[in-house]
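Below, all heavy atoms of this structure are taken into account, side chains as well, without hydrogens, waters or symmetry copies. We're numbering straight along the sequence, starting at 1.
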Amino acid sequence: MRAITAMNLLMSNLFPKAVAATALAVLLGACGGSSSNHADPIIAPPPGSNAPTTGTVGIMFTDGPTDEFDRILVTVNEVSLLPVDEDADPVSIFSGEETFDLLELRDFTDLFAVAEEVPSGEYRKVRMRLARIELIELDEAGEPVRTVAAQLTGNGKLDLNPRDGGPFTLEGGQTLLIRLDMDAEKSFLVIRAGASGRYLFRPVVFVDIDTGELRDRLVRLFGEVGEIVDANAGEFTLCELQRIQGEGPVWDGCILIRVDEAGAIFDTAGLAVDIANLEAGDAASAVGFFGESDDELRVLEALVVQLGLRDALERLSGFTDTAIGGDGLFSLLLDPGQGIADELLTVALQPGAALITREGERLDPASVGVGAEVHAEGVLNVAEAQLRASLVIVNAAGEAEIMLRGVIQALDEANRSLTISVDEAGDRCVRLAQHGEITRIREDDEGGTVTEPVEFADLEVGATVDAFGLPAVDGCFDATSLVVDEATDEEASDG
């Protein structure tokens, strides 16, 4: 096994025992896409103190699904932190050019960049510069039939406020995880701008600063098998970790993988095997959540381990056309554009396979009925015309939210409700959930775009608002979030 000195330095005294699921990416990416050319520390230690003056910052991306496009390619040039002192220079976390498919992240969180030696101190915002966004629609054979180059608000410069309003602090010696939640239905809302047919994108990006509680998304690790640590406990190391998307190593250290009691390991044929079948250097993916650490190694509590290269697995989505039988077989009605000629595919859920919700909760096969939306992964057995599935993720959230756009006519702060005037539909009642979020998007003084959380009391009559949610039985619209979009409205009117 590789020496773990670097891991010890990175992990020592940085994390509580209950580690966030998404913590993996940052701890693994200590070399990918990072920048170490930083200014002097923002907060100097006391004279004679040996306290560290820098920390480590990791940037992660996550996303929710969208029905309008099959791929959303986002190209990022820069991610930096803006100090509380507005006269101080931004601190670079990533600088270069990296493109990823946002829709590949709907079930997992992915590391984007990690920077070490970031000056400790207080920061107020995350700045991101986007070079371009391409939206791609595929035909039934998986070939592109439409590609849209989106017009970016603020020329692609986005200043993002933390979800809790901020500021946030990086302590010396600390590892800080920052997750950028870019739900495709909200973060990049597509609007046809007048007769020109242009597409404008407004960045409704939620910024979460890790406090050890970012456990609402599964983690996927890909790398090489190191050594068997404890076969009886299902423990082995996964080393030379790489990105879910992109090329090159993220971190050359090792993570301890612990296959949980209900989980299993699957070989390149898609069949369950014993841990003794693992060999050093085997390519493997592990899906699960971070747990407690043993001997200074991070521990991933794996729901499933899949051997083979990343591209060796078939990843297919669709809807169940039959219930899951006692033999684990069911028929999957495939979504178009996945390169499979037949609409229906037989899926064979293998013994020990992970049948889970998007939150990682295991499901009883009998509870999954006809018409369930699923994402299935495994090895395609051509001879038997079936997918040997080792991982099936079920969308248990129910009906997808819709958007209702209108102009605010009246506000009732006490009941968190508002009346909006909707084109061709008249006035509509909107109720915002007790913990529903309100996001305002506006232009800054430099022509960029600022995304910031606001309170209900900040809403004003006459403002255009987008409500995301579902209609209620009483005719009102129950919203989980509101977006007041000043920047995109202005650009659309200019077009």
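Side-chain atoms of T451 do not come within 3.5 Å of backbone N or O of V205 as any donor-acceptor pair. In this structure, T480 contributes its side chain and F468 its backbone to a donor-acceptor pair below 3.5 Å. The main-chain N or O of A348 is found under 3.5 Å from a side-chain atom of Q350 such that the two form a donor-acceptor pair. In terms of modelled atom types and a separation under 3.5 Å, the side chain of T153 and the main chain of T449 share no donor-acceptor contact. The backbone N or O of A372 lies less than 3.5 Å from a partner atom in the side chain of T320, making a donor-acceptor pair. At distances below 3.5 Å, not a single donor-acceptor pair connects side-chain atoms of N381 with backbone N or O atoms of A385. A donor-acceptor pair is defined here as one N or O able to donate and one able to accept, closer than 3.5 Å; no such pair exists between the side chain of D466 and the backbone of V483.
For P336, the side chain to side chain contact (heavy atoms under 4.5 Å, CB included) partners are E140, not counting sequence neighbours. The salt bridge (charged side-chain N to carboxylate O under 4.0 Å, His left out) search around E78 returns R129, not counting sequence neighbours. For D164, the salt bridge (charged side-chain N to carboxylate O under 4.0 Å, His left out) criterion is met by no residue, not counting sequence neighbours. Listed by chain and number, the residues in a salt bridge (charged side-chain N to carboxylate O under 4.0 Å, His left out) with R132 are E97 (sequence neighbours excluded). Every salt bridge (charged side-chain N to carboxylate O under 4.0 Å, His left out) that R431 has, sequence neighbours left out, goes to D474, D478.
Closest of all the heavy-atom pairs between L158 and P203 is CD2-CG, 3.5 Å. Closest approach of P162 and I209 over heavy atoms only: CB-CG1, 4.3 Å. D427 approaches T419 most closely through the heavy-atom pair CB-CG2, 3.9 Å. For P90 against R127, the heavy-atom pair with the smallest separation is CG-NH1, 4.2 Å. Contact between V118 and Y123 at its shortest, heavy atoms only, is CG1-OH, 3.8 Å. Smallest separation of non-hydrogen atoms from A131 and N77: CB-OD1, 3.1 Å.
Looking at E86 and R124, their side chains come closer than 4.5 Å, going by heavy atoms from C-beta outward. Inter-residue side-chain proximity for R358 and N395 is flagged as met; some heavy-atom pair is nearer than 4.5 Å. Looking at heavy atoms from C-beta onward, L349 lies out of side-chain contact with L329 at the 4.5 angstrom threshold. With contacts defined as side-chain heavy-atom distances shorter than 4.5 Å, the pair V450/K125 qualifies. Side-chain contact between L82 and V126: absent, with no pair of heavy atoms (C-beta onward) separated by less than 4.5 Å. Side-chain contact between L334 and F319 is absent, with no heavy atoms from C-beta onward closer than 4.5 Å. When side chains are defined from C-beta on, I356 counts as touching L391, because their heavy atoms get closer than 4.5 Å. Two residues are said to be in side-chain contact when any heavy atoms from C-beta on lie closer than 4.5 Å; D321 and L344 meet this criterion.
Side-chain polar atoms of T62 and D181 form no donor-acceptor pair below 3.5 angstrom. Side-chain atoms of T99 and T75 form a donor-acceptor pair, as typed in the model, at a separation below 3.5 Å. Using a 3.5 Å distance cut-off with no hydrogens or angles, the side chains of Q306 and S390 do pair a donor with an acceptor.
Across L152, V148, L102, L73, a single residue satisfies side chain to side chain contact (heavy atoms under 4.5 Å, CB included) together with I133, and that is L152. Each of I324, V392, V368 was scored for a side chain to side chain contact (heavy atoms under 4.5 Å, CB included) with L363, with one residue passing: V368.
Sorted by first then second residue, the salt bridge (charged side-chain N to carboxylate O under 4.0 Å, His left out) pairs that include residues 445-459, not counting sequence neighbours, are K157-E446, R440-E452, R442-E452.
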